[in-house]
Protein chains: 2
Amino acid sequence: MARSDGADGRFSYEGLDRIIHEKARLSVLTSLVAHPKGLPFPDLKRLCGLTDGNLSRHLAVLSEADLVSIEKGQAHNRPQTLCHLTQAGRTRFLEYLAVLEQVVRDAAKAAERMPDGSLNTKTA
Amino acid sequence: MARSDGADGRFSYEGLDRIIHEKARLSVLTSLVAHPKGLPFPDLKRLCGLTDGNLSRHLAVLSEADLVSIEKGQAHNRPQTLCHLTQAGRTRFLEYLAVLEQVVRDAAKAAERMPDGSLNTKTA
DNA sequence: CACCACACTTTGCGATGCAAAGTATGACGG
DNA sequence: CCGTCATACTTTGCATCGCAAAGTGTGGTG
């Protein structure tokens, strides 16, 4: 019965990129994918509910992994760090999302077989 | 929060429980929700593609958080650790999944506005 | 000119994931 | 009867990581 059920690694979800699979960075990437023109540091900070230091660190990680690009410039006589997704970042993020969807589907499918199943996969 | 866009924490996803939001533990929980009767240690190990030590540690964390229960018994003259989701575990996992879905939806919605959008959550 | 606000960066630390090594026990071969 | 192997975990150690507090630099304000 080494079927779909007993298969090794059936639920290992290798596709869950460790760089992306992190609360804070997931927030950043989602924010950025929603703002294709890029976002300045302070806006990103507020959108993600992160502290300065925190965001700085995560941006460094994401930049290092070439998922986001960072442009340091000036605006209104102030330093401005503008961030946006790279093409690679977009692609990898979308791949990651596809795996997330798989997780949700797997779990939802399993859970709905139970009486208590309060999962609602389609609510807004 | 009149604006949908500039709202503080719009993408902060507070609901992403740190205990659950972890590749390995997500695997474990998904496996367990798919096997309401519980799973023995070795099966879980293979399903999740984890090493012994790794699984042991994560189970300890999950057990400590009261998300899974662990019964140590005997089977075929061998020690057998049987794991299954607690009621609380099921509930919290389902809550977590709802947030995950929100993440996927947010991102999908933003991404599909782009030409390259290779994401197909349901897109036309 | 002192002071404060803004825009980040760096540092320090406690927590964490992961893998390698350790423990315990039953089965098997000679 | 003894030694070796396999199974079923647990413990330990390290390297990484997230997070928050403190630090840096600069421009505006009274």
Side-chain angles (χ1 to χ4, degrees), chain A residues 6 8-9 11-29 31-32 38-65 67-84, chain B residues 6 8-9 11-29 31-32 38-65 67-84:
Chain A
D8 285 17
F11 295 117
S12 66
Y13 303 123
E14 304 291 339
L16 288 185
D17 191 326
R18 304 215 98 254
I19 300 285
I20 301 179
H21 189 67
E22 172 62 43
K23 202 157 114 66
R25 289 192 292 259
L26 197 47
S27 293
V28 170
L29 292 175
S31 300
L32 289 180
L39 280 171
F41 192 100
D43 292 11
L44 202 45
K45 184 180 102 177
R46 276 182 280 271
L47 275 173
C48 300
L50 292 170
T51 61
D52 290 13
N54 225 322
L55 177 55
S56 184
R57 197 144 202 313
H58 287 301
L59 280 179
V61 171
L62 289 170
S63 170
E64 180 66 26
L67 295 177
V68 313
S69 67
I70 294 178
E71 294 168 44
K72 284 159 202 255
Q74 291 279 131
H76 316 107
N77 276 348
R78 278 280 164 201
Q80 170 162 290
T81 300
L82 191 62
C83 316
H84 57 80
Chain B
D8 285 17
F11 295 118
S12 68
Y13 302 124
E14 304 291 337
L16 287 185
D17 191 326
R18 304 214 101 252
I19 301 285
I20 301 180
H21 189 67
E22 172 64 42
K23 200 156 114 69
R25 288 191 294 259
L26 197 48
S27 293
V28 171
L29 292 175
S31 300
L32 290 180
L39 280 171
F41 190 101
D43 292 11
L44 203 46
K45 184 179 102 176
R46 277 182 279 272
L47 274 174
C48 300
L50 292 170
T51 60
D52 289 15
N54 226 320
L55 177 55
S56 184
R57 198 142 204 305
H58 287 299
L59 280 180
V61 172
L62 289 169
S63 171
E64 179 67 25
L67 294 177
V68 313
S69 67
I70 294 178
E71 295 168 43
K72 283 156 201 261
Q74 291 278 133
H76 317 108
N77 276 349
R78 279 279 161 201
Q80 170 162 288
T81 299
L82 191 63
C83 317
H84 58 80

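Keep in mind the model is a prediction, meaning the values are calculated, not measured. A note on names: the letters A, B, ... follow the listed sequences, proteins ahead of strands, and every chain is numbered from 1.
- Scanning for side-chain hydrogen bond (donor to acceptor under 3.5 Å, both in side chains) contacts around A:E71 gives A:H84, with sequence neighbours left out.
- Remark: B:P79 engages B:Q74 in a side chain to side chain contact (heavy atoms under 4.5 Å, CB included) (not counting sequence neighbours).
- In this structure A:R78 satisfies the salt bridge (Lys or Arg N to Asp or Glu O under 4.0 Å) test with no other residue, sequence neighbours excluded.
- The side chain of B:H58 places an N or O atom within less than 4.0 Å of a non-bridging phosphate oxygen (OP1 or OP2) of C:dC18.
- We find that A:E22 and B:K23 are not joined by a salt bridge, their nearest charged nitrogen and carboxylate oxygen being 4.0 Å or further apart.
- Going from atom CG of A:D43 over to atom C1' of C:dC8 covers 14 Å, rounded to whole Å.
- Here D:dC9 presents its P atom at 10 Å from CG of B:L44, a figure rounded to the nearest Å.
- The CG atom of B:L59 sits 13 Å away from the C1' atom of D:dA8 (whole-angstrom rounding).
- Taking every heavy atom of both residues into account, A:C83 and A:L59 meet most closely at SG-CD1, 3.7 Å.
- Scored by the side-chain hydrogen bond (donor to acceptor under 3.5 Å, both in side chains) test, B:T81 finds no partners at all (sequence neighbours excluded).
- When the nucleotides C:dA7, C:dG17, D:dC9 are ranked by their closest atom to the side chain of B:P42, D:dC9 comes out on top.
- For the pair A:R18 and C:dC18, the criterion of a side-chain N or O lying under 4.0 Å from OP1 or OP2 is met.
- The separation between B:L26 atom CG and C:dT16 atom P is 17 Å, rounded to whole Å.
- Applying the 4.0 Å criterion to OP1 and OP2 of C:dG17, one finds that B:R25 has a side-chain N or O inside that range.
- Atom CG in B:D17 sits roughly 15 Å away from atom C1' in C:dT16 (whole-Å rounding).
- Straight-line distance from the NZ atom of B:K45 to the C1' atom of C:dA19: 13 Å, rounded to whole Å.
- Whole-Å rounding puts the A:E22 CD to D:dC17 P distance at 10 Å.
- Judged as a side-chain hydrogen bond (donor to acceptor under 3.5 Å, both in side chains), and not counting sequence neighbours, the contacts of A:D52 are A:K45.
- A:H76 has no side-chain polar atom (N or O) that falls below the 4.0 Å cut-off from OP1 or OP2 of C:dC6.
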Check: protein-nucleotides 10-13 of chain D nitrogen or oxygen pairs below 3.5 Å:
from   : atom 1 : to    : atom 2 : distance (Å)
D:dT10 : OP1    : B:K72 : NZ     : 2.2
D:dT10 : OP2    : B:S56 : OG     : 2.8
D:dT10 : O4     : B:G53 : N      : 3.4

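- When the P atom of D:dC19 is taken as reference, atom CG of B:L16 falls 12 Å away, rounded to whole Å.
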